[in-house]
2 protein chains.
Amino acid sequence: MKKITLKAIAERAGVSVATVSRALNGRGPMDEATREQILRIAEELGYAPDMAARSLVLRRTENIGFLIHALQSLSPHTFYGEILTAVERELRRHRYHLHFATVEDETLPPLIKENRVDGLILAGCDLPPVLIRSLKERRIPLVLLDNHLLGIDSVFTDNVNGAFQATAHLIRLGHRRVAFIAETLDNLSFQERFEGYRQALEAHGLPFDPELVAEGERGFEGGFVAMNSLLDRARPTAVVAANDPTAASAMRAIRARGLRIPEDIAVVGFDDDPLAVHTDPPLTTMRVFRSKMAVLAVARLLDLIQNPEQPALHIRIETQLIVRQSCGSPLTPS
Amino acid sequence: MKKITLKAIAERAGVSVATVSRALNGRGPMDEATREQILRIAEELGYAPDMAARSLVLRRTENIGFLIHALQSLSPHTFYGEILTAVERELRRHRYHLHFATVEDETLPPLIKENRVDGLILAGCDLPPVLIRSLKERRIPLVLLDNHLLGIDSVFTDNVNGAFQATAHLIRLGHRRVAFIAETLDNLSFQERFEGYRQALEAHGLPFDPELVAEGERGFEGGFVAMNSLLDRARPTAVVAANDPTAASAMRAIRARGLRIPEDIAVVGFDDDPLAVHTDPPLTTMRVFRSKMAVLAVARLLDLIQNPEQPALHIRIETQLIVRQSCGSPLTPS
DNA sequence: GAGTAAAATATTAGCGTAAACGATTTCTCA
DNA sequence: TGAGAAATCGTTTACGCTAATATTTTACTC
């Protein structure tokens with residue numbers, strides 16, 4: 001089966017390749033009859049332009065790179081999986097394609113230098129800023145997703161305000177000793193959520209007690225570790241977890257000590273991960289709009305590709321409190 | 001910043017572009033001194049071959065397509081996320097790149113006709129066989145991952161034997177009324193697991209009772225629906241779930257009726273999804289080797305690209321029983 | 001040191017496409 | 001009808017690279 005090229009169509013239609021190219025791309029005035037005939041033949045032969053030839057001459061690939069830190073791939077929550085598929089869906093709608101790549105350090109991934117992509121979506125706040133800066137210097141259009149950095153376009157979740165609301169929810173339910181736990185604070189999102197937690201305490205006139213803050217370790221059981229070390233030294237009546245896996249993990253630590261949720265300790269998570277509905281009791285959490293982030297990031301990136309010289313835009317998306325049973329419902333306070 | 005091409009290097013080194021190309025690709029005999037000089041200059045200038053030009057002439061892209069049914073992206077379990085990142089890691093090791101695409105129906109995804117990839121990994125058994133066949137007819141090297149079909153290379157999990165073992169585990173613990181639930185049986189993997197369940201019953205001399213089989217619906221709450229409808233008409237002492245999310249969901253249905261796990265009903269899942277450790281009690285399940293599948297599929301695909309005319313290979317990977325607390329431990333039988 | 005073999009490098013062609021430019025035909029209107 | 005404008009289409013070039021072929025340089029033999 002030989003490759004179907006412009007030439008093949010040209011021969012069949014008895015015209016030159018340029019005419020075929022013009023007909024297919026709709027450039028310049030043309031005789032409607034011949035255009036239709038060419039389109040018909042192209043359809044018949046199942047023609048599709050060779051991407052290599054096309055991008056060689058057009059200097060663009062219609063590929064977008066989706067970059068994520070390799071760390072995240074290990075992370076078992078589906079956060080970036082959902083974002084990835086949402087980004088792909090949106091790109092497909094615009095006839096773009098998605099290159100998926102992970103980076104482990106600060107070295108430039110090969111797809112950049114090799115001109116494999118027209119732009120980049122950098123997902124997550126674990127990508128080293130040094131890498132981001134050096135990508136920016138190469139003047140590749142790029143958008144940060146779920147991350148932000150001065151001078152670079154970004155679409156991200158309002159973590160500070162989200163954590164504020166989560167904490168305020170607990171305070172409204174009457175809690176006075178509210179703890180904060182995270183797998184790690186070596187992560188911008190979690191730091192911001194921590195900040196939101198502190199602001200909420202302050203706004204409600206509650207003292208900040210460092211004893212009520214615990215860090216665990218990276219990985220799925222980070223929340224378990226954090227919660228245990230916290231319970232070893234203090235006894236909060238409520239816990240704000242930096243994300244849902246951490247919360248779920250912490251819930252296991254709480255129950256392992258014979259404490260009840262939410263009666264003894266209320267728990268609120270963050271992200272509205274699918275697992276939130278499966279914990280026992282189902283987890284109250286802050287919903288994060290992954291697919292909305294994806295759509296906005298793609299739109300921004302495509303705009304940036306068309307028109308590169310623009311001031312950086314920072315799009316912040318608010319979160320939404322999803323009340324389940326892990327804090328006691330507002331109707332039946334714990 | 002102008003693009004760094006072979007020509008630029010050639011001019012700097014005072015040789016022709018062909019020599020530079022040969023030096024970089026290591027083809028043909030060369031003066032060691034000039035080769036080293038060329039390599040040095042290329043390094044200095046940060047040269048990387050333009051992928052479009054390269055693949056235009058070489059007729060290959062060093063891109064692999066990773067295809068998945070759009071349905072799966074909605075599915076919140078991390079199964080294919082882990083596989084995806086494992087595939088990407090393995091491809092990167094071989095200096096290949098990954099194109100991520102989802103399909104919603106049987107139409108050929110554009111990346112095929114446009115020559116964007118050298119080969120395909122088709123992940124999951126939800127991809128329409130019609131589509132798979134038509135891809136095969138285009139003679140694109142491809143490997144099925146977590147799926148199998150006669151005449152097409154595949155790497156997949158031994159679902160039948162896995163479910164057999166899961167069921168046998170329950171029977172060994174003394175259970176006689178063992179149920180089977182799935183989100184849907186409209187899926188090869190789940191059908192095979194169902195088959196393994198039946199075979200285990202038969203092998204242990206237990207009758208097959210259709211009353212003890214329930215299907216739910218696609219989506220995260222499928223297990224909840226299935227378990228409820230099952231409990232409405234029957235009362236098993238143990239349940240085999242087609243996968244972990246289904247099991248987790250079913251556990252909620254069981255507890256919602258005030259029944260205890262594993263004392264009243266034992267539960268075993270499938271996949272060893274990360275969430276298995278977070279359920280209460282932690283879920284006994286069959287471990288599936290995602291990253292092993294990924295590595296094998298990539299190896300097979302790259303081999304197939306180099307040497308297309310080979311008989312199809314079918315690589316089946318066994319599962320492993322992971323005993324947690326949802327069945328009662330073998331040491332403390334329920 | 002001439003003749004030849006071998007090694008090293010240069011020249012050329014071509015991959016499939018789009019765009020610039022040029023050539024031809026058709027149309028418009030005085 | 002004829003001149004110019006407009007429409008239509010063909011030719012050429014360029015994109016950056018590799019492979020095939022041609023040419024030069026070097027090395028070697030007697």
Side-chain angles (χ1 to χ4, degrees), chain A residues 1-39 41-42 45-63 95 110-118, chain B residues 1-39 41-42 45-63 95 110-118:
Chain A
M1 187 154 71
K2 255 197 75 197
K3 177 135 216 308
I4 295 128
T5 65
L6 283 189
K7 207 167 79 176
I9 300 176
E11 278 163 12
R12 280 255 259 169
V15 295
S16 73
V17 287
T19 305
V20 178
S21 171
R22 247 179 322 219
L24 294 172
N25 294 318
R27 297 218 197 292
M30 276 208 66
D31 186 75
E32 262 316 306
T34 58
R35 150 164 295 146
E36 270 168 30
Q37 196 207 4
I38 289 169
L39 291 180
I41 293 176
L45 266 48
Y47 171 82
D50 183 274
M51 172 279 178
R54 196 163 210 273
S55 69
L56 177 60
V57 63
L58 287 182
R59 323 263 50 206
R60 63 185 156 89
T61 61
E62 280 155 9
N63 283 151
R95 305 182 168 281
L111 77 165
I112 307 307
K113 290 206 284 184
E114 294 172 359
N115 278 109
R116 289 182 120 93
V117 294
D118 298 339
Chain B
M1 188 154 74
K2 255 198 74 199
K3 177 134 218 307
I4 296 128
T5 65
L6 283 189
K7 206 167 78 174
I9 300 176
E11 276 164 13
R12 279 254 261 170
V15 296
S16 73
V17 287
T19 306
V20 178
S21 171
R22 243 169 312 129
L24 293 172
N25 294 319
R27 296 217 198 296
M30 276 209 64
D31 186 77
E32 261 317 304
T34 57
R35 151 166 293 147
E36 269 168 30
Q37 197 208 4
I38 288 169
L39 291 180
I41 294 176
L45 264 48
Y47 171 80
D50 183 275
M51 168 284 174
R54 197 163 208 272
S55 69
L56 178 59
V57 62
L58 289 182
R59 321 264 52 196
R60 65 187 154 88
T61 60
E62 280 157 6
N63 283 151
R95 304 180 169 284
L111 77 167
I112 308 306
K113 290 207 282 185
E114 293 172 1
N115 278 110
R116 289 181 121 93
V117 294
D118 299 339

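Naming: A, B, ... by sequence-line order, numbering from 1 per chain.
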Which nucleotide sits closest to the side chain of [X]: [options]?
X        : options                   : value
Ala18(B) : dT8(D), dA10(C), dG16(C)  : dA10(C)
Asp50(B) : dT18(D), dT17(C), dC17(D) : dC17(D)
Asp31(B) : dC17(D), dT11(D), dA8(C)  : dA8(C)
Leu6(A)  : dA18(C), dG16(C), dG16(D) : dA18(C)

Would you tell me if any nitrogen or oxygen in the side chain of [X] comes within less than 4.0 Å of OP1 or OP2 on [N]?
X        : N       : answer
Ser21(A) : dA18(C) : yes
Ser55(B) : dC17(D) : no
Thr19(B) : dT9(C)  : no
Arg59(A) : dA18(C) : no
Arg35(A) : dC9(D)  : no
Tyr47(A) : dT17(C) : yes

Using modelled atom types and a 3.5 Å cut-off, is there a donor and acceptor pairing between side-chain atoms of Asp118(A) and backbone atoms of Glu62(A)?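 At least one qualifying donor-acceptor pair exists.
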What is the distance, rounded to the nearest whole Å, between atom [atom1] of [X] and atom [atom2] of [N]?
X        : N       : atom1 : atom2 : value
Glu32(A) : dC9(D)  : CD    : P     : 10 Å
Met30(A) : dT8(D)  : CE    : C1'   : 8 Å
Asn25(A) : dA18(C) : CG    : C1'   : 7 Å
Leu58(B) : dC15(C) : CG    : P     : 14 Å
Arg54(B) : dA19(D) : CZ    : C1'   : 13 Å
Ile9(A)  : dC9(D)  : CD1   : C1'   : 17 Å
Lys3(A)  : dG16(C) : NZ    : C1'   : 7 Å
Met51(A) : dG16(C) : CE    : P     : 15 Å

Can you tell me which residue among Ile38(A), Val17(A), Val15(A), Thr19(A) is in a side chain to side chain contact (heavy atoms under 4.5 Å, CB included) with Ile9(A)?
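Result: among Ile38(A), Val17(A), Val15(A), Thr19(A), Ile38(A) is the only option passing the side chain to side chain contact (heavy atoms under 4.5 Å, CB included) with Ile9(A).
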_Sub-4.5 Å side-chain heavy-atom contact between Asp50(A) and Thr5(A)_ =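 Answer no - side chains too far apart.
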Inset, instruction - Please tell me if the side chains of Lys3(B) and Asn115(A) come closer than 4.5 Å, counting only heavy atoms from C-beta onward. - result: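 Heavy-atom side-chain distance check passes, below 4.5 Å.
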On DNA chain D, compare the nucleotides closest to Arg22(B) and Pro49(B); which residue's is nearer the 5' end?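 Checking each residue's closest nucleotide, the 5'-ward one belongs to Pro49(B).
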Looking at every heavy atom in both Ile4(B) and Tyr47(B), which two are closest together, and how far apart are they?
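Shortest heavy-atom separation between Ile4(B) and Tyr47(B) comes out as O-CD1, 3.4 Å.
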Query - Closest approach of Arg60(B) to Arg54(B) (non-hydrogen atoms, all atoms of both residues) - result: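 Closest approach of Arg60(B) to Arg54(B), heavy atoms only: NH1-NH1, 4.5 Å.
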> What nucleic acid atoms does Val15(A) come within less than 4.0 Å of, heavy atoms only: base, sugar-phosphate, or nothing?
Replying inline: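 Sugar-phosphate, backbone atoms only, no base.
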query = Using a cut-off of 4.0 Å on non-hydrogen atoms, how would the nucleic acid contact of Thr5(B) be classed: base, sugar-phosphate, or nothing?
reply =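 Counting heavy atoms under 4.0 Å across all strands, the contact made by Thr5(B) is with sugar-phosphate only.
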